[in-house]
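All remarks here apply to the structure that follows.
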Amino acid sequence: YLFPDTYFFPRDVTMNKIISTMLNRFWSVFTIEWKVRAKDLGFTVHQIVTLASIIEKETGAAVERPIISSVFHNRLKKKMRLESDPTVIYGIKNFDGNLTRKHLSTRTAYNTYKIRGLPAGPIANPGRASLEAALFPDDTEFIYFVSKKDNTHYFSKTLKEHNQAVRKYQLRRKK
């Protein structure tokens, strides 16, 4: 809820003043209308902030936020695990930058490969665009996406199509 933005404070500002300013900024962005929208979607504000934080961490290209949001909304509706790498990373103490199969299989309150639904809480401080994407996802049938390693993703409707995309974009080809 510490809203990411540009702030200007005097040198002698207290920590409490910084925190209250960032919280007030969050609540000025997250309007009553957005609270109503969250409720209409069946989410609490906390759940929307949590979902938005995952969208924030998954998105390399800003234009993809609502599409990525649609994938997560679709997976939640189908009671599928979110299977988001950034949630796993958040739950790893002293993460060294190398996500392993062991990490993916270790149960934490944030490992969405092991738990169903949203993790325990936000994994980042989402900005306005990610909050808006969480509240207003695109209307798609996508339930998978994979990084194309260029800050964009390939989106799929089926596991077969997703696995083909993983082979194409992620797995190293043996020579």
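Throughout, numbering of the chain's residues begins at 1 and tracks the sequence. Remember, it's a predicted structure, so these values are computed and weren't measured experimentally.
Defined by atom type and a distance below 3.5 Å, a donor-acceptor pair is present between the side-chain atoms of Asp150 and Thr152.
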Show me the side-chain donor-acceptor pairs of residues 128-145 shorter than 3.5 Å, one per line, residues at least two apart or across chains.
from, atom 1, to, atom 2, distance (Å)
Ser130, OG, Glu56, OE1, 2.6
Ser130, OG, Arg65, NE, 3.0
Thr140, OG1, Ser70, OG, 2.7
Thr140, OG1, Phe142, N, 3.2

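Note on ring orientation: taking the six-membered ring where Trp is involved, the planes of Phe30 and Phe26 are parallel (angle under 30°, cut-offs 30° and 60°).
A distance-only check finds no donor-acceptor pair linking the side chain of Gln170 to the backbone of Arg167 [under 3.5 Å]. Here the side chain of Arg107 pairs a donor or acceptor atom with the backbone of Lys114 at under 3.5 angstrom. Counting only distance, with no hydrogens or angles, the side chain of Thr59 and the backbone of Ala62 share no donor-acceptor pair below 3.5 Å.
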Test side chain to side chain contact (heavy atoms under 4.5 Å, CB included) applied to Leu159 and His162, step by step
CA-CA 5 Å; Leu159 183 57; His162 174 67; 4.3 Å; yes

Full working for side chain to side chain contact (heavy atoms under 4.5 Å, CB included) between Glu161 and Tyr154:
CA-CA 10 Å; Glu161 183 184 7; Tyr154 183 88; 2.8 Å; yes

Side chain to side chain contact (heavy atoms under 4.5 Å, CB included) between Thr6 and Phe8: does it pass, once the steps are laid out?
CA-CA 7 Å; Thr6 302; Phe8 298 96; 3.8 Å; yes

Using the rule given for side chain to side chain contact (heavy atoms under 4.5 Å, CB included), can you reason through Asn24 versus Phe3, listing the C-alpha separation, both sets of side-chain angles and the distance that settles it, and then say yes or no?
CA-CA 8 Å; Asn24 288 337; Phe3 194 78; over 6 Å; no

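Taking NE2 from His103 and CG from Asp85, the interatomic distance works out to 11.5 Å, rounded to the nearest 0.5 Å. Atom CD1 of Ile123 sits about 5.5 Å away from atom CD1 of Ile54, to the nearest 0.5 Å. Note that the CZ atom of Phe43 and the OG1 atom of Thr50 stand 10.5 Å from one another [nearest 0.5 Å]. Atom CG of Asn111 and atom CD of Glu83 lie 9.5 Å apart (nearest 0.5 Å). Rounding to the nearest 0.5 angstrom, the gap separating the NZ atom in Lys102 from the CD1 atom in Ile92 is 10.5 Å. Residue Leu2 holds its CG atom at 10.5 Å from CD1 of Ile18, rounded to the nearest 0.5 Å.
The side-chain heavy atoms of Trp27 and Lys35, taken from C-beta on, include a pair separated by under 4.5 Å. The side-chain heavy atoms of Pro126 and Ile55, taken from C-beta on, include no pair separated by under 4.5 Å. By the 4.5 Å heavy-atom criterion applied to side chains, Phe72 and Leu118 are not counted as neighbours. Counting heavy atoms from C-beta on, the side chains of Asn163 and Lys160 never come closer than 4.5 Å. Counting only heavy atoms from C-beta outward, the side chains of Ser53 and Asn125 never approach each other to under 4.5 Å. In this structure the side chain of Lys149 never reaches within 4.5 angstrom of the side chain of Tyr169, judged on heavy atoms. For the pair Glu64/His153, a side-chain contact is recorded, criterion being any heavy-atom separation below 4.5 Å from C-beta on. In this structure the side chain of Thr87 never reaches within 4.5 angstrom of the side chain of Leu82, judged on heavy atoms.
Residues Gly42 and Gln47 come closest through the heavy atom pair O-OE1, 4.0 Å. The shortest heavy-atom contact between Ser84 and Glu58 is OG-OE2, 2.7 Å.
Here Arg116 pairs with nothing under the salt bridge (charged side-chain N to carboxylate O under 4.0 Å, His left out) rule; sequence neighbours left out.
Both Tyr1 and Tyr7 are members of a single hydrophobic cluster when ILVMFWY side chains are connected at heavy-atom separations under 4.5 Å. The cluster map of Ile, Leu, Val, Met, Phe, Trp and Tyr, joined by side-chain heavy atoms under 4.5 Å apart, puts Val146 and Val71 in different clusters. Put simply, Tyr110 and Val88 are part of two different groups of oily side chains (I, L, V, M, F, W, Y) that touch within less than 4.5 Å, one to the next. Under the 4.5 Å side-chain heavy-atom criterion for Ile, Leu, Val, Met, Phe, Trp and Tyr, Ile48 and Leu23 are members of the same hydrophobic cluster. Ile115 and Met80 fall into different hydrophobic clusters, defined by Ile, Leu, Val, Met, Phe, Trp and Tyr side-chain heavy atoms under 4.5 Å apart, directly or through other members.
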